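Please read all numbers here as calculations on a predicted model, not as lab measurements.
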Number of protein chains: 2
Amino acid sequence: MDNESAFERSCCPITNGLDIFGDRWTLLIIRDLMLGKRRYQDLISSPESIASNILADRLKKLQITGLIHRRAYQQNPARYEYVLTEKGKDLKPVLDAIIGWGRKHYPDTMVFTPLNSSRHLSPDLP
Amino acid sequence: MDNESAFERSCCPITNGLDIFGDRWTLLIIRDLMLGKRRYQDLISSPESIASNILADRLKKLQITGLIHRRAYQQNPARYEYVLTEKGKDLKPVLDAIIGWGRKHYPDTMVFTPLNSSRHLSPDLP
DNA sequence: CACATATATTGCAAAATGCAAGTTACTAAT
DNA sequence: ATTAGTAACTTGCATTTTGCAATATATGTG
């Protein structure tokens with residue numbers, strides 16, 4: 001199913017994972033998509049203030065690695081939304097584990113709540 | 001218990017976690033320590049070939065954030081070992097979740113096995 | 001004394017990040 | 001018809017981090 005062989009640094013699954021999402025931004029984008037955000041502006045407006053060039057770069061890489069899918073939700077003008085693939089959604093246990101660790105050792109942190117994004121006309125949210 | 005308030009980017013536990021281990025190397029060091037490695041040379045000799053300046057930098061940061069503890073295991077000459085604190089060991093579910101994701105989507109990856117490090121004279125390993 | 005070992009530090013080029021401004025293509029308002 | 005606004009980017013440039021190789025320091029060993 002996946003055909004991305006030849007691992008960059010080693011065949012360790014952790015290493016391989018970090019080669020995909022081991023940076024300060026990628027998992028935050030995954031988090032936002034998991035919470036129901038879909039559009040570029042939604043992602044830009046998160047409280048961490050990601051720079052637009054970084055966001056564009058990460059969205060491209062996430063498509064290449066198959067964690068997200070980009071689709072036009074309208075034409076004239078073309079507007080795009082980003083949705084998690086199954087492979088992307090499968091990162092939920094990773095995010096949950098990080099949240100669990102964070103909440104335990106930094107009790108002042110607060111978990112973000114899913115968007116009530118009825119405007120997206122989507123039946124279910126993660 | 002922790003007194004590192006004033007979160008860098010936001011109060012999200014994921015963001016806060018990524019500010020600590022959101023890079024390509026930190027979780028690999030944690031992995032190695034979890035597997036029973038303790039010494040600088042052990043860490044240097046992992047298959048990912050971390051550069052010594054990066055390793056030294058990460059070991060310092062991991063001490064500052066309280067994930068590892070550095071102790072001399074001998075004097076003359078002073079030699080040091082690095083061990084996970086409880087806070088560090090608590091990252092095991094995060095590593096396990098990453099392993100789970102990696103194994104599912106990259107079946108050719110292989111989980112590293114714990115060292116049989118009797119030479120460390122340590123009673124138990126993670 | 002010469003050499004080896006463990007734990008680093010330093011120098012420097014390359015890559016990634018962060019910030020601000022600019023671009024494109026359309027819609028909406030006056 | 002001009003002006004302004006919006007979404008989704010792109011570009012330029014300075015700063016920071018990474019990666020690689022070489023060097024450093026203290027000690028023990030032959």
Side-chain angles (χ1 to χ4, degrees), chain A residues 7-10 15 18-29 32-33 36-65 68-83 115 117 119-121, chain B residues 7-10 15 18-29 32-33 36-65 68-83 115 117 119-121:
Chain A
F7 305 119
E8 301 272 331
R9 293 187 290 174
S10 82
T15 307
L18 293 178
D19 286 341
I20 294 169
F21 54 76
D23 70 278
R24 288 157 46 76
W25 291 109
T26 300
L27 285 180
L28 296 184
I29 296 170
D32 284 350
L33 297 175
K37 293 193 175 190
R38 286 163 178 246
R39 298 176 187 178
Y40 203 87
Q41 291 302 316
D42 293 336
L43 298 167
I44 281 284
S45 66
S46 277
E48 292 86 9
S49 305
I50 190 172
S52 63
N53 55 342
I54 310 266
L55 176 59
D57 175 80
R58 293 306 189 279
L59 289 173
K60 258 173 220 152
K61 286 178 176 165
L62 285 170
Q63 288 172 74
I64 289 167
T65 48
I68 66 174
H69 179 240
R70 179 195 201 243
R71 56 175 290 271
Y73 64 85
Q74 71 169 45
Q75 298 293 349
N76 294 338
R79 293 285 181 265
Y80 303 95
E81 65 179 13
Y82 300 90
V83 292
L115 297 177
S117 59
R119 79 171 203 275
H120 291 130
L121 304 172
Chain B
F7 304 118
E8 300 272 330
R9 294 187 290 175
S10 83
T15 307
L18 293 177
D19 286 340
I20 293 168
F21 53 76
D23 69 279
R24 287 158 43 78
W25 292 108
T26 300
L27 285 180
L28 297 184
I29 296 170
D32 283 351
L33 297 176
K37 293 193 176 190
R38 286 163 178 245
R39 299 176 187 178
Y40 202 86
Q41 289 303 315
D42 294 336
L43 299 166
I44 281 283
S45 66
S46 276
E48 291 85 10
S49 304
I50 190 172
S52 64
N53 56 342
I54 311 267
L55 176 59
D57 176 79
R58 294 305 190 280
L59 289 174
K60 259 173 219 155
K61 286 178 175 164
L62 285 171
Q63 288 172 71
I64 289 167
T65 49
I68 66 174
H69 179 240
R70 179 195 201 242
R71 55 175 291 269
Y73 63 85
Q74 71 169 46
Q75 298 293 348
N76 294 337
R79 293 287 181 262
Y80 303 95
E81 66 178 14
Y82 300 91
V83 292
L115 297 178
S117 57
R119 77 170 204 276
H120 290 128
L121 305 173

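In this structure, A:D57 reaches neither bases nor backbone, as no heavy-atom distance under 4.0 Å exists between it and the strands shown. At a threshold of 4.0 angstrom between heavy atoms, the contacts of A:Y80 are confined to the sugar-phosphate backbone, with no base atom among them.
With hydrogens and angles ignored, the 3.5 Å screen pairs no side-chain donor or acceptor of A:Q41 with any backbone N or O of A:I44. Under a 3.5 Å cut-off, the side chain of B:Y40 and the backbone N or O of B:S52 do form a donor-acceptor pair.
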What is the per-nucleotide protein-contact pattern of nucleotides 23-30 of chain D, from the 5' end, where B denotes a base atom under 4.0 Å from a protein heavy atom, S denotes such proximity for sugar-phosphate atoms only, and - denotes neither? ----SS--
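For the pair A:I50 and A:L43, the minimum side-chain heavy-atom distance is 4.5 Å or more. Here the side chains of A:D42 and A:D32 are not in contact, with every heavy-atom distance at 4.5 Å or above.
Atom CG of A:L55 is separated from atom P of C:dC19 by 15 Å (rounded to the nearest Å). Summarising the geometry, the separation between CZ on B:R71 and C1' on C:dT7 is reported as 16 Å, rounded to the nearest angstrom. With rounding to whole Å, A:K60 atom NZ is found 8 Å from D:dC9 atom C1'. As rounded to whole Å, 11 Å separates atom C1' of D:dG19 from atom CD1 of B:I50. In this structure, the CG atom of B:N53 is 13 Å from the P atom of D:dT17, given to the nearest Å. Between B:D19 atom CG and C:dT17 atom P the separation is 13 Å, expressed in whole Å. The OH-C1' distance, from A:Y40 to C:dC26, rounds to 18 Å in whole Å. A:I44 places its CD1 atom 12 Å from the P atom of D:dA7, with the value rounded to the nearest Å.
Between B:D19 and A:R24 a salt bridge is recorded (basic side-chain N to carboxylate O distance below 4.0 Å). Looking at A:E81 and A:R38, a side-chain N of the basic residue comes within less than 4.0 Å of a carboxylate O on the acidic one, giving a salt bridge.
Between B:R38 and C:dT7 there is no side-chain polar atom (N or O) within less than 4.0 angstrom of OP1 or OP2. Between A:Y73 and D:dA8 there is a side-chain polar atom (N or O) within less than 4.0 angstrom of OP1 or OP2. A close approach under 4.0 Å does not occur between any side-chain nitrogen or oxygen of B:R24 and OP1 or OP2 of D:dT17. Between A:W25 and C:dA16 there is no side-chain N or O to OP1 or OP2 distance below 4.0 Å.
Comparing D:dC9, C:dT7, D:dT11 by their closest approach to the side chain of B:R39 singles out C:dT7. Set against D:dA8, D:dC9, D:dT18, the side chain of A:Q41 has D:dA8 as its closest nucleotide.
Under the 3.5 Å distance criterion, with hydrogens and angles disregarded, a donor-acceptor pair is assigned to the side chains of A:K37 and A:S46.
You'll find a donor-acceptor pair under 3.5 Å spanning the side chain of B:S52 and the base of C:dT9, going by distance alone.
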